[in-house]
Student: 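Before I ask anything, here is the structure I am working with.
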Amino acid sequence: MSNNFYKNSEEIWSTLMEQALEEAELAYKKDEVPVGAIIIDPQGDILARAHNSPLKLNDPTAHSEILALRKAGDIKQNYRFPGCIMITTLEPCIMCMGALVQARIDGLVFGSRDHKSGAAFSRIDFFRDFPWLNHQFWIKSEILDEKSRSLLQSFFSQKRKT
């Protein structure tokens, strides 16, 4: 299916975001910030999936988006993913947005905005602030926003109690 079909299909995005939320729940169970990501290939199949793991891996770059890109690279034996789409439960940070540009993805779908460090729109408007980048992609936001936000709020509420 073409990316134009995907851009306008809320039902498809919700179904795929549920998959990313399953990854976020795995992170939650491991006491990691509950963010999950998947990458779909041009046919709409899940190419890679991951969840935040910086604590487990002792790696500040081990965000779900970066780990999903690494897995996709291993599978495709390439570092570029034209025609692929990233679906993540939280608005990516500047590091992850930069990695998505380098990966040459076609689109980004995310759940909740990150008002602290979101780089798609919230803190930085990535493509407005960096118009000179040699690759840009479309962005669709706030898909299953409430579910993504609720999981994060539950995690941080639990952290404050301990």
Student: Quick check for you: to the nearest 0.5 Å, what is the distance between Ile75 atom CD1 and Phe81 atom CZ?
Tutor: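 One finds 9.0 Å between CD1 of Ile75 and CZ of Phe81.
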Student: Are Leu26 and Leu67 in one and the same hydrophobic cluster, where Ile, Leu, Val, Met, Phe, Trp and Tyr link if side-chain heavy atoms are under 4.5 Å apart?
Tutor: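 Different hydrophobic clusters.
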Student: Asp145 and Ser112: side chain to side chain donor-acceptor pair (under 3.5 Å), yes or no, with the steps?
Tutor: CA-CA 5 Å; Asp145 172 45; Ser112 292; 2.8 Å; yes
Student: Tell me whether Phe110 shares a hydrophobic cluster with Leu16, the cluster being built from Ile, Leu, Val, Met, Phe, Trp, Tyr side chains joined at under 4.5 Å.
Tutor: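 No, separate clusters.
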Student: Would you say the side chain of His63 lies within less than 4.5 Å of the side chain of Val35, judging by non-hydrogen atoms?
Tutor: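 No; the side chains remain at least 4.5 Å from each other.
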Student: Verify the neighbour count for atom CZ of Arg123: are there more than 12 heavy atoms of other residues, nucleotides or ligands below 6.0 Å?
Tutor: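 Atom CZ in Arg123 is not crowded, with 12 or fewer foreign heavy atoms closer than 6.0 Å.
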Student: Spell out, as yes or no, whether a donor-acceptor pair under 3.5 Å connects the side chain of Asp125 to the backbone of Asp129.
Tutor: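 Not confirmed, Asp125 side chain does not pair with Asp129 backbone.
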Student: In this structure, would Tyr28 and Phe156 fall into the same cluster of hydrophobic residues linked by side-chain contacts under 4.5 Å?
Tutor: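 Cluster IDs for Tyr28 and Phe156 match.
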Student: Should Ile105 and Ile39 be regarded as members of a common hydrophobic cluster, given that ILVMFWY residues are connected when their side-chain heavy atoms come within less than 4.5 Å of each other, either directly or indirectly?
Tutor: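 The answer is yes; both residues are in one hydrophobic cluster.
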Student: Could you check whether any side-chain N or O of Arg49 sits under 3.5 Å from a backbone N or O of Ile46, counting only pairs where one atom can act as donor and the other as acceptor?
Tutor: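 Checked: no pair found.
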Student: Starting at CZ of Arg149, measure out to OG of Ser154 and round the result to the nearest 0.5 Å.
Tutor: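 The CZ atom of Arg149 sits 13.5 Å away from the OG atom of Ser154.
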Student: Name the orientation class of the two ring planes belonging to His135 and Phe137 (parallel below 30°, tilted from 30 to 60°, perpendicular beyond 60°).
Tutor: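 It falls in the tilted class, 30° to 60°.
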Student: Show your reasoning for whether side-chain contact (heavy atoms from CB on, under 4.5 Å) applies to Leu21 and Ser148.
Tutor: CA-CA 7 Å; Leu21 281 162; Ser148 296; 3.7 Å; yes
Student: Is Thr89 reaching over with its side chain to a backbone N or O of Ala24, donor-acceptor style, under 3.5 angstrom?
Tutor: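 Side chain of Thr89 to backbone of Ala24: no pair is present.
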Student: Is a donor from one side chain sitting under 3.5 angstrom from an acceptor on the other, for Arg70 and Thr61?
Tutor: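 A pair is found: one side chain offers a donor N or O, the other an acceptor, under 3.5 Å apart.
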Student: Minimum heavy-atom separation for Ala37 to Ser64, with atom names?
Tutor: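 Smallest interatomic distance, heavy atoms only, reads CB-OG, 3.6 Å.
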Student: What's the verdict on side-chain contact (heavy atoms from CB on, under 4.5 Å) for Glu18 and Lys147, showing C-alpha distance, side-chain angles and the deciding distance?
Tutor: CA-CA 9 Å; Glu18 290 286 354; Lys147 283 187 174 184; 2.6 Å; yes
Student: Go through the side-chain N and O atoms of Thr88 and Glu65 and say whether any donor and acceptor fall under 3.5 Å apart.
Tutor: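 Yes, Glu65 and Thr88 have a side-chain donor paired with an acceptor closer than 3.5 Å.
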Student: Under the 3.5 angstrom rule, does the side chain of Gln19 hit a backbone N or O of Ile38 as a donor-acceptor pair?
Tutor: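 Not a single qualifying donor-acceptor pair exists.
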Student: For Lys159 and Asp31, run salt bridge (charged side-chain N to carboxylate O under 4.0 Å, His left out): C-alpha distance rounded to whole Å, both residues' side-chain angles, the deciding distance at 0.1 Å, then the answer.
Tutor: CA-CA 9 Å; Lys159 283 290 190 197; Asp31 206 31; 2.8 Å; yes
Student: Counting N and O atoms only, with roles assigned by atom type, does the side chain of Thr15 sit under 3.5 Å from a partner on the main chain of Glu11, one being a donor and the other an acceptor?
Tutor: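 Side chain of Thr15 to backbone of Glu11, a donor-acceptor pair under 3.5 Å: yes, one is there.
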Student: Between CG of Leu90 and OG of Ser117, what distance do you get to the nearest 0.5 Å?
Tutor: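 So the CG of Leu90 and the OG of Ser117 are separated by 7.0 Å.
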Student: If only atom types and distance count, is the side chain of Ser53 paired as donor or acceptor with the main-chain N or O of His51 below 3.5 Å?
Tutor: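 Here the side-chain-to-backbone pair exists.
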Student: Apply side-chain contact (heavy atoms from CB on, under 4.5 Å) to residues Ile143 and Ser14 and explain how you reach the verdict.
Tutor: CA-CA 6 Å; Ile143 302 296; Ser14 293; 4.2 Å; yes
Student: Within the side chain of Glu142, is there an N or O that forms a donor-acceptor pair under 3.5 Å with the backbone of Gly111?
Tutor: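 No; zero donor-acceptor contacts below 3.5 Å.
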Student: So does Val33 get a backbone contact from the side chain of Asn52, meaning a donor-acceptor N/O pair under 3.5 Å?
Tutor: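 Judged by distance alone, yes, a pair lies under 3.5 Å.
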Student: Is any side-chain heavy atom of Ile85 less than 4.5 Å from a side-chain heavy atom of Trp138?
Tutor: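 Touching, per the 4.5 Å side-chain cut-off.
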Student: What's the spacing between Lys71 NZ and Leu47 CG if we round to 0.5 Å?
Tutor: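 Those atoms lie 11.0 Å apart.
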Student: Any idea which heavy atoms bring Met97 and Ala119 closest together, and the distance?
Tutor: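 Answer, listing the atom of Met97 first, then Ala119: CG-CB, 3.9 Å.
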Student: Show your reasoning for whether side-chain contact (heavy atoms from CB on, under 4.5 Å) applies to Cys93 and Asp114.
Tutor: CA-CA 8 Å; Cys93 69; Asp114 183 351; 6.0 Å; no
Student: Considering only heavy atoms from C-beta outward, does the side chain of Phe126 approach that of Ile94 to under 4.5 Å?
Tutor: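 Yes, their side chains come closer than 4.5 Å.
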Student: When you measure from the side chain of Arg113 to the backbone N and O of Phe121, does any donor-acceptor pair fall under 3.5 Å?
Tutor: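 Not at all, since once roles are kept as given, no pair shorter than 3.5 Å links the two residues.
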Student: Could you tell me whether Lys56 atom NZ has more than 12 heavy atoms of other residues or ligands within 6.0 Å of it?
Tutor: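 Atom NZ in Lys56 is not packed in, count stays at 12 or less.
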Student: Is there a donor-acceptor pair under 3.5 Å between the side chain of Gln136 and the backbone N or O of Leu133?
Tutor: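 Judged by distance alone, no pair lies under 3.5 Å.
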Student: When rounded to the nearest 0.5 angstrom, what distance separates CD1 in Ile87 from NZ in Lys140?
Tutor: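 Between Ile87 CD1 and Lys140 NZ, I get 12.5 Å after rounding to 0.5 Å.
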Student: Following the transitive rule for hydrophobic clusters with a side-chain heavy-atom cut-off under 4.5 Å over Ile, Leu, Val, Met, Phe, Trp and Tyr, establish whether Ile124 and Val101 coincide in one cluster.
Tutor: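 Both belong to a single hydrophobic cluster.
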Student: Rounded at 0.5 Å granularity, tell me how far CE in Met86 sits from CG in Leu108.
Tutor: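 Here the interatomic distance stands at 7.5 Å.
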Student: Is Ile139 close to Glu91 at the side-chain level, that is, under 4.5 Å between some pair of heavy atoms?
Tutor: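 Sidechains of Ile139 and Glu91: no contact.
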